[in-house]
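Both backbone and side-chain heavy atoms feed into the values below; hydrogens, waters and symmetry mates do not. Source: prediction; values computed, not measured.
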Amino acid sequence: MNPVAFGKRLLPVILLLIMSLAANTVNAAFAQPPPSISLLTFQPGTVYWQRFGHNAILVRQGGKNTVYNYGIFDFNQDNFMLNFAQGKMQYRLAAEPLRYALYPYQVEGRWAVEQDLALAPDEATQLADFLVWNARPENAEYHYDYFIANCSTKVRDALNQALSGLLKEQLQERPASLSYRAQVARVSAPDLPFMLGMDVGLGPPSDQKINLWQESFIPGVLMRALRDVERADGRPLVSDKRLLLKGSLPKEPSAPPVLWPLFLAIGLGLALLIFLLAKARSNLAARCSLSILASLFALTCGVGGLVLAALWGLTAHWGTYYNQNLLLLNPAALLLLPLWPTTMRRAWRVGVFCHWALRAITLGAVLAALIHLLPHAAQDNLHWIALLLPLHLSLFWVAERAYATQAAS
């Protein structure tokens, strides 16, 4: 073959190879490295919705530090309070730069910890792509649940998906240190009214035995749990840790408060007061005090019982179902509201209906105590029994004494 003709045929091939090599070189030069993934955990705050703490996923890539936050809600959302009461809250995922995400926590004096996660390049890329997709307006909203779909569990589930189930596999094998109820009581203890309201409303589902995977609905628990997770090759999942913000707030409690001794003292003290007021019924002030105390107790039990019954029967708050505190805070106590104001009269009479209604209500309170004495009691409500049962028994004694006296006369 003519060398010139051969060279003409070979030239396009050489040029094609050169262009291909150049393109690969340019792509390699401008290709982004795989993202790095971190877990951000924030200290619990002082407002009731901040008591559980918070966490989010941080994606660092191409000079951008993007925080993906599953804890966004809006008080101005249509029917927000009604949806909240019914357990039908809608939350959403939002993405924002790291500096914006940190600012409110810095102002509030809440610490922030970053844990670098040793994800493989393909795992990190998959997770970053998923978060971008999930943050789109059409995909961002989700149905919120305190225990199984909150800011922490959504982060946990996203990490577990990227790790092909490794996180769930390891955390499920470890028992939780506390139940759902005990964790709620622990983190909300600094706000006593909030803690007591949550506790009295929770039923046996919140006392079930759970594992560390389930317990990681608390952001701080998830942060600590990740320290012990290992990759298949034995490497720790958390490769590094740093403090992004120093906190100035008090440290959260390490354990839930033990309430039953205090509640028992209060219950016995009030029961003794009722006993003494009944003994001194010849005194007008004693009769008025007894009437007010008994009426307030009946009103509290009745209204509280209606709330507990509504949480069980009318809402999606599954943690409140089958609440045995309904035996202590009995809605039927409202039937006794006409009875107790009449104790201000010197000649006080207890009608047959109120007599039997009070017996049934007191029997329910005693039944709550007997259920709790059974092995493997389903609900941790000893403190409420200690507080309310003495009051039920003392008022029962007052009415029974009056009923027996009028029957004998």
Undergrad: Which atoms form the tightest heavy-atom contact between Met195 and Ala189, and what is the distance?
TA: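 Met195 and Ala189 have their closest heavy atoms at SD-CA, 3.8 Å.
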Undergrad: Side chains of His392 and Asn330: donor-acceptor distance under 3.5 Å anywhere?
TA: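 Their side chains do not contain a donor-acceptor pair, so the 3.5 Å distance test is not met.
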Undergrad: Under a 3.5 Å cutoff, is there a donor and acceptor pairing between the side chains of Ser177 and Glu215?
TA: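 A pair is found: one side chain offers a donor N or O, the other an acceptor, under 3.5 Å apart.
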Undergrad: Heavy atoms only: give me the nearest Pro33-Gln61 pair and the separation to one decimal.
TA: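 Heavy atoms only, the tightest pair is O-NE2, 3.3 Å.
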Undergrad: Just by distance, do the side chain of Gln115 and the backbone of Asp240 share a donor-acceptor pair under 3.5 Å?
TA: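 Between the backbone of Asp240 and the side chain of Gln115 there is no qualifying donor-acceptor contact (under 3.5 Å).
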Undergrad: Side chains of Leu131 and Tyr70, heavy atoms from C-beta outward: is any pair under 4.5 Å?
TA: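 Yes - at least one pair of side-chain heavy atoms lies under 4.5 Å apart.
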Undergrad: Just wondering, do Pro236 and Arg227 contact through their side chains at under 4.5 Å, heavy atoms?
TA: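 Counting from C-beta outward, Arg227 and Pro236 never come under 4.5 Å.
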Undergrad: Return yes if some donor-acceptor pair links the side-chain N/O of Thr320 with the main-chain N/O of Leu311 below 3.5 Å, else return no.
TA: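 Checking the backbone N and O of Leu311 against the side chain of Thr320, a donor-acceptor pair under 3.5 Å is found.
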Undergrad: For side-chain contact (heavy atoms from CB on, under 4.5 Å), just list the numbers for Leu264 and Leu387, CA-CA rounded to whole Å, side-chain angles, deciding distance to a tenth of an Å, and then say yes or no.
TA: CA-CA 5 Å; Leu264 180 61; Leu387 174 66; over 6 Å; no
Undergrad: Taking the side chain as everything from C-beta on, heavy atoms only, tell me whether Ile371 gets closer than 4.5 Å to Leu327.
TA: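 Side chain of Ile371 against side chain of Leu327, heavy atoms only: contact under 4.5 Å found.
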Undergrad: For the side chain of Gln86 and the backbone of Asn83, is there at least one donor-acceptor N/O pair under 3.5 Å apart?
TA: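 Judged by distance alone, no pair lies under 3.5 Å.
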Undergrad: Working to the nearest 0.5 Å, report the span between SG of Cys301 and CG of Leu391.
TA: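 Output value for this atom pair is 8.0 Å.
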Undergrad: Can you list the steps and then say if Tyr180 with Tyr146 is a side-chain contact (heavy atoms from CB on, under 4.5 Å)?
TA: CA-CA 10 Å; Tyr180 286 128; Tyr146 292 111; over 6 Å; no
Undergrad: Which label fits Trp384 and Phe263: parallel for a plane angle under 30°, tilted from 30 to 60°, or perpendicular past 60°?
TA: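 Trp384 vs Phe263 ring planes: perpendicular.
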Undergrad: Are Arg51 and Glu252 close enough for a salt bridge, meaning some N to O gap below 4.0 Å?
TA: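 Salt bridge flag = no for Glu252 with Arg51.
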Undergrad: Between Tyr144 and Tyr142, what is the ring plane arrangement, given parallel below 30°, perpendicular above 60°, and tilted in between?
TA: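 The arrangement is tilted - the two ring planes meet at 30° to 60°.
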Undergrad: How far apart are the closest heavy atoms of Leu308 and Gly201, and which atoms are they?
TA: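 Scanning both residues completely, I find the closest heavy atoms to be CD2-CA, 3.8 Å.
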Undergrad: Are the side chains of Val366 and Leu389 in touch, meaning some heavy atoms are under 4.5 Å apart?
TA: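 Val366 vs Leu389: side chains touch.
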Undergrad: Heavy-atom count check: over 12 atoms from other residues, nucleotides or ligands less than 6.0 Å from Phe73 CZ?
TA: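 More than 12 heavy atoms, drawn from other residues, nucleotides or ligands, come within 6.0 Å of this atom.
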Undergrad: Going by distance alone, is a donor N or O of one side chain under 3.5 Å from an acceptor N or O of the other, for His355 and Glu400?
TA: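 Yes - a donor-acceptor pair under 3.5 Å links their side chains.
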Undergrad: Do you know which two heavy atoms are closest between Val155 and Ala56, and how far apart they sit?
TA: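 Looking at all heavy atoms of both residues, the closest pair is CG2-CA, 4.0 Å.
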Undergrad: Do Arg345's NZ or CZ and the ring of Trp348 fall within the cation-pi criteria of under 6.0 Å and 45°?
TA: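 That pair does not qualify as a cation-pi contact.
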Undergrad: Is it true that Arg181 and Asp207 have a side-chain N and a carboxylate O under 4.0 angstrom from each other?
TA: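 A salt bridge is present here (some side-chain N lies under 4.0 Å from a carboxylate O).
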Undergrad: Salt bridge or not for Arg242 and Glu114, using N-O below 4.0 Å?
TA: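 Yes, this pair counts.
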Undergrad: Measure the acute angle between the ring planes of Phe147 and Phe217, then classify it against the limits of 30° and 60° as parallel, tilted or perpendicular.
TA: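 Judged by the thresholds at 30° and 60°, the geometry between Phe147 and Phe217 is perpendicular.
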Undergrad: Looking at every heavy atom in both Leu171 and Asn211, which two are closest together, and how far apart are they?
TA: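 Heavy-atom minimum between the residues: O-CB, 4.1 Å.
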Undergrad: Do Phe275 and Trp397 make the cut of ring centroids closer than 6.0 angstrom?
TA: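 Ring-ring flag for Phe275/Trp397: true, centres closer than 6.0 Å.
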Undergrad: To the nearest 0.5 Å, tell me how far Phe42 CZ sits from Arg110 CZ.
TA: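 Between atom CZ of Phe42 and atom CZ of Arg110 there are 8.5 Å.
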Undergrad: How far does CG of Leu273 sit from OG of Ser289, to the nearest 0.5 angstrom?
TA: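 Rounded to the nearest 0.5 Å, the CG-OG separation comes to 7.5 Å.
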Undergrad: Just checking, is any N or O donor in the side chain of Tyr91 or Asn150 under 3.5 Å from an acceptor N or O on the other one?
TA: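 There is no such pair (donor and acceptor under 3.5 Å, judged by atom type) between the side chains of Tyr91 and Asn150.
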Undergrad: Output the distance between atom CG (Leu178) and atom CZ (Arg186), rounded to the nearest 0.5 Å.
TA: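 Between Leu178 CG and Arg186 CZ, I get 7.0 Å after rounding to 0.5 Å.
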Undergrad: Just verifying a value: how many Å separate Leu395 CG and Leu336 CG, rounded to the nearest 0.5 Å?
TA: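 Those atoms lie 9.0 Å apart.
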Undergrad: Could you go through Ile37 and Leu58, starting from their C-alpha distance and side-chain angles, then the distance that decides it, and tell me whether this counts as side-chain contact (heavy atoms from CB on, under 4.5 Å)?
TA: CA-CA 6 Å; Ile37 306 295; Leu58 171 61; over 6 Å; no
Undergrad: Minimum heavy-atom separation for Ala85 and Thr315, please, with both atom names.
TA: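 Scanning both residues, the minimum pair turns out to be O-CG2, 3.3 Å.
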Undergrad: Measure from the side-chain N and O atoms of His383 to the backbone N and O of Leu259, and report whether any donor-acceptor pair falls under 3.5 Å.
TA: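 Checked: no pair found.
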Undergrad: Are a donor atom and an acceptor atom from the side chains of Asn55 and Thr41 found within less than 3.5 Å of each other?
TA: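 Looking only at side-chain atoms, Thr41 and Asn55 do not form any donor-acceptor pair under 3.5 Å.
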Undergrad: May I ask you to decide if Ser216's main-chain N or O and Ser152's side chain share a donor-acceptor pair within less than 3.5 Å?
TA: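 Indeed, once roles are kept as given, a pair shorter than 3.5 Å links the two residues.
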Undergrad: Backbone N or O of Ile148 within a donor-acceptor pair of the Thr153 side chain at under 3.5 Å?
TA: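 Indeed, once roles are kept as given, a pair shorter than 3.5 Å links the two residues.
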Undergrad: Examine distances only and state if a side-chain atom of Gln43 and a backbone atom of Gly247 form a donor-acceptor pair shorter than 3.5 Å.
TA: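 Flag not set: sc Gln43 to bb Gly247 has no pair under 3.5 Å.
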Undergrad: What I want to find out is whether Glu123 reaches Arg231 closely enough, with some N-O distance under 4.0 Å, to be called a salt bridge.
TA: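 Salt bridge present between Glu123 and Arg231.
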Undergrad: Can you confirm whether Leu119 sits close enough to Thr125 that some side-chain heavy atom of one is under 4.5 Å from a side-chain heavy atom of the other?
TA: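 Sidechains of Thr125 and Leu119: no contact.
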Undergrad: Given 3.5 Å as the limit, does a donor-acceptor pair link the side chain of Arg281 with the main chain of Thr343, or not?
TA: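 Checking the backbone N and O of Thr343 against the side chain of Arg281, a donor-acceptor pair under 3.5 Å is found.
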Undergrad: Taking the side chain from Gln161 and the backbone from Ala158, do they hold a donor-acceptor pair closer than 3.5 Å?
TA: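 Side chain of Gln161 to backbone of Ala158, a donor-acceptor pair under 3.5 Å: no, none is there.
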Undergrad: Determine, stepwise, if the pair Leu163 / Leu237 fulfils side-chain contact (heavy atoms from CB on, under 4.5 Å).
TA: CA-CA 10 Å; Leu163 291 165; Leu237 177 62; 4.0 Å; yes
Undergrad: Does one side chain, of Asn134 or Asn139, offer a donor that lies under 3.5 Å from an acceptor on the other?
TA: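 Judged by distance alone, the side chains do not pair up.
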Undergrad: Does atom CH2 (Trp318) have a neighbourhood of more than 12 heavy atoms from anything else shown, all under 6.0 Å?
TA: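 Result for CH2/Trp318: enclosed.
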Undergrad: Rounded to the nearest 0.5 Å, how far apart are CD of Gln324 and CG of Leu329?
TA: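 Between atom CD of Gln324 and atom CG of Leu329 there are 13.0 Å.
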Undergrad: What I'd like to find out is whether the side chain of Tyr103 reaches to under 4.5 Å of the side chain of Glu108, using heavy atoms alone.
TA: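 The answer is no, as the side chains (C-beta and beyond) never meet within the 4.5 Å cut-off.
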Undergrad: Please examine the side chains of Arg92 and Asp74, heavy atoms only from C-beta on, and report whether any two atoms are closer than 4.5 Å.
TA: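 They are not in contact (no side-chain heavy atoms under 4.5 Å apart), so the answer is no.
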Undergrad: Quick one: do the Asn323 and Gln379 side chains pair a donor with an acceptor below 3.5 Å?
TA: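 There is such a pair (donor and acceptor under 3.5 Å, judged by atom type) between the side chains of Asn323 and Gln379.
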Undergrad: Have Trp213 and Asn160 got a donor and an acceptor in their side chains that come within less than 3.5 Å?
TA: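 Looking only at side-chain atoms, Asn160 and Trp213 do not form any donor-acceptor pair under 3.5 Å.
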Undergrad: Going by an N to O cut-off under 4.0 Å, is there a salt bridge joining Lys241 and Asp116?
TA: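 A salt bridge is absent here (no side-chain N lies under 4.0 Å from a carboxylate O).
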Undergrad: Should His372 and Leu382 count as side-chain neighbours, where that means a heavy-atom distance under 4.5 Å?
TA: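 Sidechains of Leu382 and His372: in contact.
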Undergrad: Check whether Ser295 reaches the backbone of Ser291 with its side chain - one donor and one acceptor, N or O, closer than 3.5 Å.
TA: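 Indeed, once roles are kept as given, a pair shorter than 3.5 Å links the two residues.
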